[in-house]
Enquirer: 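Sharing a structure below in structure tokens format, with a few things to ask.
Chain letters run A, B, ... following the sequence lines, proteins first and then strands; every chain starts at 1. Just so it is clear, the structure is predicted and the values come from calculations on it, not from any experiment.
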2 protein chains.
Amino acid sequence: MNKPLKNILLADVAQEAGVSTASVSRVLNRAPHVSKQLRSRVETAIEKLGYVPHGSARALASRRIGAIGALVPTLDNAIFSTGINCLEQRLKHHDYRLLIATYRYDLDDELEALHTLIQQGVDGMVLIGHDHRPSALTTLTRRQLPFLTCWHSIDDANWPSIGFDNTAPAHALAEHLLSLGHRLLAVVGAPTEGNDRARARLQGFIQATERAGCPIPPERIITVAYGIAEGFQAFEALMRLKPPPTAILCGNDILAFGVMLAAQRAGVRIPDDLSVTGFDDLPQARFMTPALTTVAVPAADIGHQVADALVARIAGETPAHRQLLDAPLVIRESTGPLNTTA
Amino acid sequence: MNKPLKNILLADVAQEAGVSTASVSRVLNRAPHVSKQLRSRVETAIEKLGYVPHGSARALASRRIGAIGALVPTLDNAIFSTGINCLEQRLKHHDYRLLIATYRYDLDDELEALHTLIQQGVDGMVLIGHDHRPSALTTLTRRQLPFLTCWHSIDDANWPSIGFDNTAPAHALAEHLLSLGHRLLAVVGAPTEGNDRARARLQGFIQATERAGCPIPPERIITVAYGIAEGFQAFEALMRLKPPPTAILCGNDILAFGVMLAAQRAGVRIPDDLSVTGFDDLPQARFMTPALTTVAVPAADIGHQVADALVARIAGETPAHRQLLDAPLVIRESTGPLNTTA
DNA sequence: TGCTTGAATGTAAGCGCTTACAAGGCCGTG
DNA sequence: CACGGCCTTGTAAGCGCTTACATTCAAGCA
């Protein structure tokens, strides 16, 4: 059994088993109308020869490659990698593989990667959010490729989606701070270019504060890349303002961690001197001291449901255009009433 | 231009351009010996028809699919997702796609996923570490599939590798603590089943302490899954021991964060009352208070170099069997001299 | 018994591309 | 001017599988 296995073809199996190639194929594909004995004869032959089907040939003949493509801004973001991890595991159950491409929030890169994946012949596509080049939608539609967007989900979008509303929880977070008496709010957000989630969260913060009659001045809204270091530095910049904010709304948990760690270094007490909020509810959030008030993003759920729904679409079903998941506020200890004694 | 684009074939392009299918194929594949005018005529036709090559057909005829497979324990681990992220980006430069499968440290799952990826026809494979079912190596070799392991790299392994020595830095970490006067050490490690990296680190800790004549008793070596919560709980368990350890060696940064956050909650001062070490040097490590003493794992480098080396192997080159990267100790503030006043 | 029916299996025509080989055209050289 | 050789292009044979259609055969029924 030491000869290279590459050259063993379906035809060899057929010969070994004394049946036709069609029958071997039927056994391989669990087609109906195959007798027990034929099946076992073929299986024995496959076993004996160590036959492995040739994926590309199969794909060419059957018009499906058994893989779906995922277009993700980056995997270097804990919440995405959690979602993708679940997506992949679930797809495996459906017997689909995952082809991944990242585009670092560059929508032209994304479009190019989309074309590449389509060219590979993926059976379906998953995109994140609704921010894409218009021609991405056209391409997917024209090629009649089953697809789904996830993470962000808004009402009137052209894109079918499974996700949550990013604006409302952000709005609620801001209201929560306002209700605690805070009026000097500041925001540390992620860049909004090519990122509708970041934009939606920012809008939530802004709307809530404007509605309450205490809009946040632009210089108190800073935008930094994803990262602990960035949050750390943002804290320092904000606390130099006169007067410094009494509460900081962060676009995601990582930025919030950066802010909290910087505060800890600077001797600024949370929540006594400063309230801080995050967004994502990473595992770490509850273990910080104080535990972080944030929004629980259903990353694992999204991964699962996207897998199920996309496979259904590939199978010809047409599930709901939009599936809205819950992203509840998780109020912990990093937010507290405005301290008026200071 | 609104008809479905699926049905436009290479032959259509050939007809439109008034050339043979072979010529179109040559243009597509940047083959030599194609005149300027023929090329431009074909390119115009491709543009006009919106032609996209059919990946599977191409793969079948050319015996390469333009994708490599990666077998990863999980993406839900910051250091892996960073490495994979870099790998994917680099592969894109080489015009290769990434097919991902996860196996949650279950080597039978890994073997199965390996077969699946091979069946898909990947042009090369990346695995993590040297812990695999023996038949994995046989399969790869028999199929003559270019492959590489990464992350862990030891001298006498059968596996070609690009990675670092996990034992030596662990050893050094333990020595560092010993040299600070600590004798009551404890370990919070990751499960070693199917994980040679975790095992190597543990070995490093054990060897160094035994060599120094103060071996760590088994009940002070606890093994928990990857996660902040797990580190948190491990701290609580260890501190209940009499006498409690004066230093804790953690198998990775996430566990160390858990330990530190638990210590913070419990009012245990680091490094005064307790020294803590990590392993990975996640971005957050330097921003903790105190900043975490750890080992800098070259995750991004690994991603890049694996991509380059694997592509080279696919191209028929045979780079070094082993490429050893540096994983330096990063001594920060979470470790300090044994406090004898307590 | 003879016919219908449908399950089980085989035959062979693709799937859409690459590439070995053949052929044609042009050049420089003797 | 004839010829070898190279560059360019075309022809057509696969690549390894799936599947529509054809065929066979046994069972069911009147």
Enquirer: Send over the distance from His33(A) NE2 to dA20(D) P, rounded to a whole Å.
Expert: 12 Å
Enquirer: On DNA chain D, nearest-nucleotide positions of Pro53(A) versus Ser20(B): which is more 5'?
Expert: Ser20(B)
Enquirer: Distance check needed: dA13(D) C1' versus Arg63(B) CZ, whole Å only.
Expert: 12 Å
Enquirer: Within less than 4.0 Å of OP1 or OP2 of dT18(C), is there a side-chain N or O belonging to Arg58(B)?
Expert: yes
Enquirer: Output the rounded distance in Å from CD (Gln119(B)) to C1' (dG16(D)).
Expert: 13 Å
Enquirer: Please say whether more than 12 non-hydrogen atoms of neighbouring residues, nucleotides or ligands are located less than 6.0 Å from NE2 in His321(A).
Expert: yes
Enquirer: Give the rounded distance in Å between these two atoms: CG of Leu10(A) and P of dA12(C).
Expert: 17 Å
Enquirer: Just call it for His54(A): base, sugar-phosphate, or nothing, with non-hydrogen atoms closer than 4.0 Å on any strand.
Expert: sugar-phosphate
Enquirer: Once each nucleotide of nucleotides 19-27 of chain C is scored for protein heavy atoms under 4.0 Å, what B/S/- sequence comes out, 5' to 3'?
Expert: BB-------
Enquirer: Rounded to whole Å, how long is the line connecting atom CD1 of Ile46(A) with atom C1' of dG16(D)?
Expert: 14 Å
Enquirer: Does atom NE2 (His115(A)) have a neighbourhood of more than 12 heavy atoms from anything else shown, all under 6.0 Å?
Expert: yes
Enquirer: Assess the side chains of Arg104(B) and Gln89(A): does a donor N or O sit below 3.5 Å from an acceptor N or O?
Expert: yes
Enquirer: If you draw a 6.0 Å radius around CD in Gln15(A), do more than 12 non-hydrogen atoms from other residues or ligands fall strictly inside?
Expert: no
Enquirer: Please state how far atom CG in Asn7(B) lies from atom P in dC17(C), giving the value in whole angstrom units.
Expert: 11 Å
Enquirer: Say you draw a straight line from CG of Leu117(B) to CD of Glu112(B); how long is it, rounded to the nearest 0.5 Å?
Expert: 11.0 Å
Enquirer: Taking all non-hydrogen atoms of both residues into account, name the closest pair between Cys150(A) and Ile302(A) and its distance.
Expert: CB-CG2, 3.7 Å
Enquirer: Between atom CG in Leu60(A) and atom C1' in dC15(C), what is the gap in whole Å?
Expert: 4 Å
Enquirer: Contacts to DNA chain C from residues 34-43 of chain A, heavy-atom cutoff under 4.0 Å, which residues?
Expert: Val34(A), Ser35(A), Leu38(A)
Enquirer: Taking the six-membered ring for Trp, are the ring centroids of Trp159(B) and His132(B) within less than 6.0 Å of each other?
Expert: yes
Enquirer: Is the CD atom of Glu43(A) crowded by more than 12 outside heavy atoms at less than 6.0 Å?
Expert: yes
Enquirer: Which whole-number value in Å describes the distance from Leu28(A) CG to dT18(D) P?
Expert: 6 Å
Enquirer: Do you know the tightest heavy-atom contact between Arg197(B) and Tyr105(B)?
Expert: NH2-CE2, 3.7 Å
